[in-house]
Amino acid sequence: MSLLVIGSVAFDAIDTPFGSTGKIVGGAASYIALATSLLYDRVGLVAVVGEDFDFEFIETLKSRGVDTSGLQVKQGEKSFFWHGKYHMDMNSRDTLVTELNVLGTFDPLIPEHLRKPDYVMLGNLSPEVQIKTLERLEHRPKLVMMDTMNFWMDIALPQLQQVLKMVDVLTINDEEARQLSGEHSLVKAARIIQAMGPSTVIIKKGEHGALLFGEGQIFFCPALPLEDVFDPTGAGDTFAGGFAGYIASTGSTSFEAMKKGILFGSCLASFCVEKFGTERIAGITMEDVNTRLKEFHKLIHLD
Ligand code: AMP
């Protein structure tokens, strides 16, 4: 069994009401790989960076057991760069800069030994690259999970609709679910998105938790109430990685397993926001995760 992760590995710059970072490591697949590799030990990464990237971060991924042989390094080119600015409430943000750089011409070359994964997590990337990735696999994985964002709805909607037909689970935030479905009610939005392809839709609502929509079933998991949120960047990807890592570790794709999956996703995302960038999620252990799961249990348990 194995889990293939694809997505952006990038530089970010983040402005929050509490401070700004310079260029730091970010990218959807960076957060996903850090989260999945805590819960599951057969994770492979396919991504691209420029020669300017911080390669110490790749060593961190390797030390967590991530197979990085599918990471391409483009000499003479720059890594993907994203600059975001959070509003006072820390729930909403504006994208100030998106420089695709190496992502603009990314051809996802998958090493032979990674072409038969049981699980795939398509992180935020151009839908065209997400489709190519699935087409290059040697068999249909047991479960294909995918994340996306408004950027791709704005510039590549037909391709996004095409990849949606190929996936089983979509993780998406509330604002984006509304944009994609054209429906304000999240229950109706989920139903409309399910009709576009994925039988399971997970709507992430930031500090207000996450909703899981299966076939005829709904489940809700709160986010852990935290006194301080420093940087929500990557929380959605960390959530998706926690979900994917849990599902891969159990081998079950039942609704019951997915309920626990969103609990693990929420748990890992609660760490992510405690420091800027990937720092916190890169520094935790399974012991930290288990301690925090107990807090979740207290939060949601009724006799
Ligand atoms: P999240 O906060 O979970 O929505 O994810 C933030 C991460 O997404 C950042 O680390 C960015 O590098 C990455 N990102 C932002 N825009 C894009 C994009 N258009 N394509 C791929 N990754 C992106």
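- The pair Glu59-Lys62 meets the salt-bridge criterion, with a side-chain N (NZ, NE, NH1 or NH2) lying under 4.0 Å from an Asp/Glu carboxylate O.
- Both Met286 and Leu34 sit in one connected hydrophobic cluster of ILVMFWY residues. Membership requires side-chain heavy atoms under 4.5 Å apart, directly or through other members.
- Although no hydrogens or angles enter the test, the distance criterion places a donor-acceptor pair under 3.5 Å between the side chain of Asn173 and the main chain of Glu176.
- Between the side chains of Thr285 and Asp288, at least one donor N or O lies within less than 3.5 Å of an accepting N or O.
- Between Phe11 and the options Phe53, Phe57, Trp82, a ring pair (Phe, Tyr, Trp, His ring centres under 6.0 Å) holds for only Phe53.
- With Phe213 as the aromatic partner, Arg191 does not meet the cation-pi criteria of under 6.0 angstrom to the ring centre and within 45 degrees of the ring axis.
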Report the C-alpha distance between Asp231 and Val273 in whole Å, list the side-chain angles of each, state the deciding distance to 0.1 Å, and finish with yes or no for side chain to side chain contact (heavy atoms under 4.5 Å, CB included).
CA-CA 5 Å; Asp231 173 17; Val273 303; over 6 Å; no

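- Under the rule for a side chain to side chain contact (heavy atoms under 4.5 Å, CB included), the partners of Gln72 that lie at least two apart in sequence or sit in another chain are Val48, Lys74, Phe106, Leu109.
- Judged purely by atom type and a 3.5 angstrom limit, Thr95 has no side-chain atom pairing as donor or acceptor with the backbone of Gly84.
- At least one donor-acceptor pair closer than 3.5 Å links the side chain of Arg178 to the backbone N or O of His184.
- The backbone N or O of Val129 sits less than 3.5 Å from a side-chain atom of Ser126, completing a donor-acceptor pair.
- A donor-acceptor pair under 3.5 Å is formed between the side chain of Asp52 and the backbone N or O of Ser79.
- Judged by distance alone, the side chains of Thr233 and Tyr31 never bring a donor and an acceptor atom under 3.5 Å apart.
- No donor-acceptor pair under 3.5 Å is formed between the side chain of Glu99 and the backbone N or O of Phe80.
- Looking at His139, its side chain does come within 3.5 Å of a backbone N or O of Pro117 through a donor-acceptor pair.
- Between the Gln194 side chain and the Ser199 main chain, a donor and an acceptor come within less than 3.5 Å of each other.
- Formation of a donor-acceptor pair under 3.5 Å by the Asp12 side chain with backbone atoms of Ile24 is not found in this model.
- A donor and an acceptor atom, one from each side chain of Ser252 and Ser254, are located under 3.5 Å apart.
- Tested against Phe264 for a ring pair (Phe, Tyr, Trp, His ring centres under 6.0 Å), the candidates Phe239, Phe243, Tyr40, Tyr246 yield a single pass: Tyr246.
- Remark: Arg136 engages Asp107 in a salt bridge, criterion side-chain N to carboxylate O under 4.0 Å.
- Judged by distance alone, with hydrogens and angles left aside, the side-chain atoms of Arg42 form no donor-acceptor pair with the main-chain N or O of Ala248 at under 3.5 Å.
- Between the OG1 atom of Thr200 and the CD1 atom of Ile202 there is a distance of 7.0 Å, given to the nearest 0.5 Å.
- For the pair Lys294 and Glu287, the salt-bridge criterion is not met [side-chain N within less than 4.0 Å of a carboxylate O].
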